[in-house]
Amino acid sequence: MQKRQAFEAAWEAACKVKASTLTVPSGSVFLVKPISFSGPNCQTDIVFQLDGKIIAPTSSASWGSGILQWIDFTKLERITVKGKGVMDGQGSVWWNDSPTYNPTDDLEESDSGKFPSTKPTALRFYGSNGVTVTGITIQNSPQAHLKFDDCTNVQVSSVSISSPGDSPNTDGIHLQNSRDVDIYGSNVACGDDCVSIQTGCSNVYIHNINCGPGHGISIGGLGKENTRACVSNVTVRDVKIQNTLTGVRIKTWQGGSGSVQNVMFSNIQVSEVKTPIMIDQFYCDNGKCSNETSAVAVSGINYINVKGTYTVKPVHFACSDSLPCTGVSLNTIQLKSVQESEGPFCWEAYGELETPTVPPVDCLKTGKPPGTTVQSKSDFC
């Protein structure tokens with residue numbers, strides 16, 4: 001039977017008791033409609049112990065006119081989700097946009113309605129401090145698997161995230177307006193960015209991650225529709241990236257403002273990645289983008305010990321004409337092509353080669369760009 005009411009009742013009880021635990025026992029399987037576990041009046045240090053399996057509904061009627069997330073934790077202080085269990089978003093019915101009835105889901109009636117255009121995130125945390133997610137598996141989300149929005153002091157470890165490489169927009173871990181984030185010891189395979197870092201994020205540390213398939217580890221896209229975006233103090237190190245669109249990437253839209261600064265990509269092992277190193281300030285995913293002069297400033301981007309194989313292009317630095325990238329440094333870059341491919345590409349990228357690179361990146365400009373920029377100081381973060 002449908003278990004949302006049981007979960008709601010259990011949460012209501014757990015919410016009132018400090019350091020309480022809500023358990024999904026090992027061996028159990030629950031079909032759960034979209035649900036929010038909400039504060040801000042809950043006690044602290046609550047644990048959601050997931051050792052069994054929860055699955056999302058595959059009938060469009062369960063999702064109403066469009067719900068942004070399936071499992072939601074909101075405005076909580078020191079909340080932990082842990083265990084050896086599984087969250088299965090059963091996303092294939094969303095990816096194909098053709099709901100089908102799965103005989104294993106005889107707990108609910110099938111329907112033939114059309115799914116909402118907004119695909120939900122599987123597990124989302126909003127407005128919370130001291131968030132820990134460890135041990136669990138999240139698979140086949142309709143859209144992003146694990147999202148943190150407006151959160152502080154976040155720790156993600158030993159998590160497994162998986163969906164097919166061709167599943168659309170299924171980011172692994174998505175960060176937005178969140179700071180002091182530590183993500184490590186996890187495996188992410190999806191159809192979009194393994195980790196996506198959006199505006200408002202600072203002090204983000206990502207290490208010991210296996211990524212692929214997917215689109216790599218990305219900052220952005222930032223500045224869409226002339227918005228102001230701010231990202232700073234990001235470290236990505238000791239990661240393995242295989243069979244992805246890009247390795248480590250920064251992507252911004254033309255027309256935005258703000259900045260990306262103080263980023264370190266270190267000890268990155270790539271295997272058959274199309275483009276291992278990328279900064280793209282002309283990002284456009286809809287094919288209808290116009291040229292604009294303002295841009296999100298990109299500065300202080302360091303690449304150290306990036307090694308492995310690529311299939312299309314080793315390095316792609318496409319920076320703004322009016323606001324070039326500055327402070328880009330390359331140290332111990334050794335990338336080999338596994339097939340006939342292009343050489344490094346640079347456009348308005350300024351920085352330095354701290355060591356010789358393989359292949360030679362002789363297109364990087366030295367010093368600082370001449371002239372003035374189109375942005376005022378108020379546009380920066």
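Remember, it's a predicted structure, so these values are computed and weren't measured experimentally.
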Please name the pair of heavy atoms, one in [X] and one in [Y], separated by the smallest distance, quoted to 0.1 Å.
X      : Y      : value
Gly172 : Ile161 : O-CD1, 3.6 Å
Ser65  : Pro116 : O-CB, 3.7 Å
Gly255 : Asn226 : O-ND2, 3.0 Å
Gly185 : Ile209 : N-CD1, 4.2 Å
Asp171 : Cys190 : C-SG, 4.3 Å
Gln69  : Trp63  : O-CZ3, 4.4 Å

[Y] backbone acceptor or donor facing [X] side chain under 3.5 Å:
X      : Y      : answer
Gln281 : Ser320 : yes
Thr244 : Thr246 : yes
Thr309 : Glu272 : yes
Ser128 : Leu76  : yes
Gln90  : Ala56  : yes
Thr170 : Ala144 : no
Ser322 : Thr293 : yes
Thr332 : Asn305 : no

Pair [X] + [Y], salt bridge at N-O below 4.0 Å:
X      : Y      : result
Asp285 : Lys251 : no
Arg249 : Asp193 : yes
Lys84  : Asp51  : no

How long is the span from the [atom1] atom in [X] to the [atom2] atom in [Y], to the nearest 0.5 Å?
X      : Y      : atom1 : atom2 : result
Glu342 : Tyr310 : CD    : OH    : 9.5 Å
Phe317 : Ile277 : CZ    : CD1   : 6.0 Å
Ile250 : Ile301 : CD1   : CD1   : 3.5 Å
Trp95  : Lys119 : CH2   : NZ    : 11.0 Å
Trp347 : Cys325 : CH2   : SG    : 13.0 Å
Cys42  : Ile79  : SG    : CD1   : 8.0 Å

Atom [atom1] of [X] with >12 non-hydrogen neighbours under 6.0 angstrom:
X      : atom1 : answer
Arg78  : CZ    : yes
Lys313 : NZ    : yes
Glu352 : CD    : yes
Tyr350 : OH    : yes
Glu225 : CD    : no
Lys18  : NZ    : yes

Is a side-chain donor-acceptor pair under 3.5 Å present for [Y] with [X]?
X      : Y      : value
Gln155 : Ser157 : no
Asn233 : Ser202 : no
Asp238 : Asn208 : no
Asn203 : Asp180 : yes
Thr326 : Ser299 : no
Thr152 : Asn129 : yes

Indicate the ring-plane relationship of [X] and [Y], choosing parallel, tilted or perpendicular according to the 30° and 60° boundaries.
X      : Y      : answer
His316 : Phe345 : parallel
Tyr184 : His207 : parallel
Phe73  : Phe48  : perpendicular
Phe148 : Phe125 : parallel

Open item on the list: Starting from Ile138, can I reach Phe7 by hopping between I/L/V/M/F/W/Y residues whose side chains sit under 4.5 Å apart?
Closed with: yes
Task: ILVMFWY network linking Val273 to Tyr283, side-chain heavy atoms under 4.5 angstrom - done: no
Task: Flag side-chain contact, heavy atom, 4.5 Å: Ile197 against Val181 - done: no
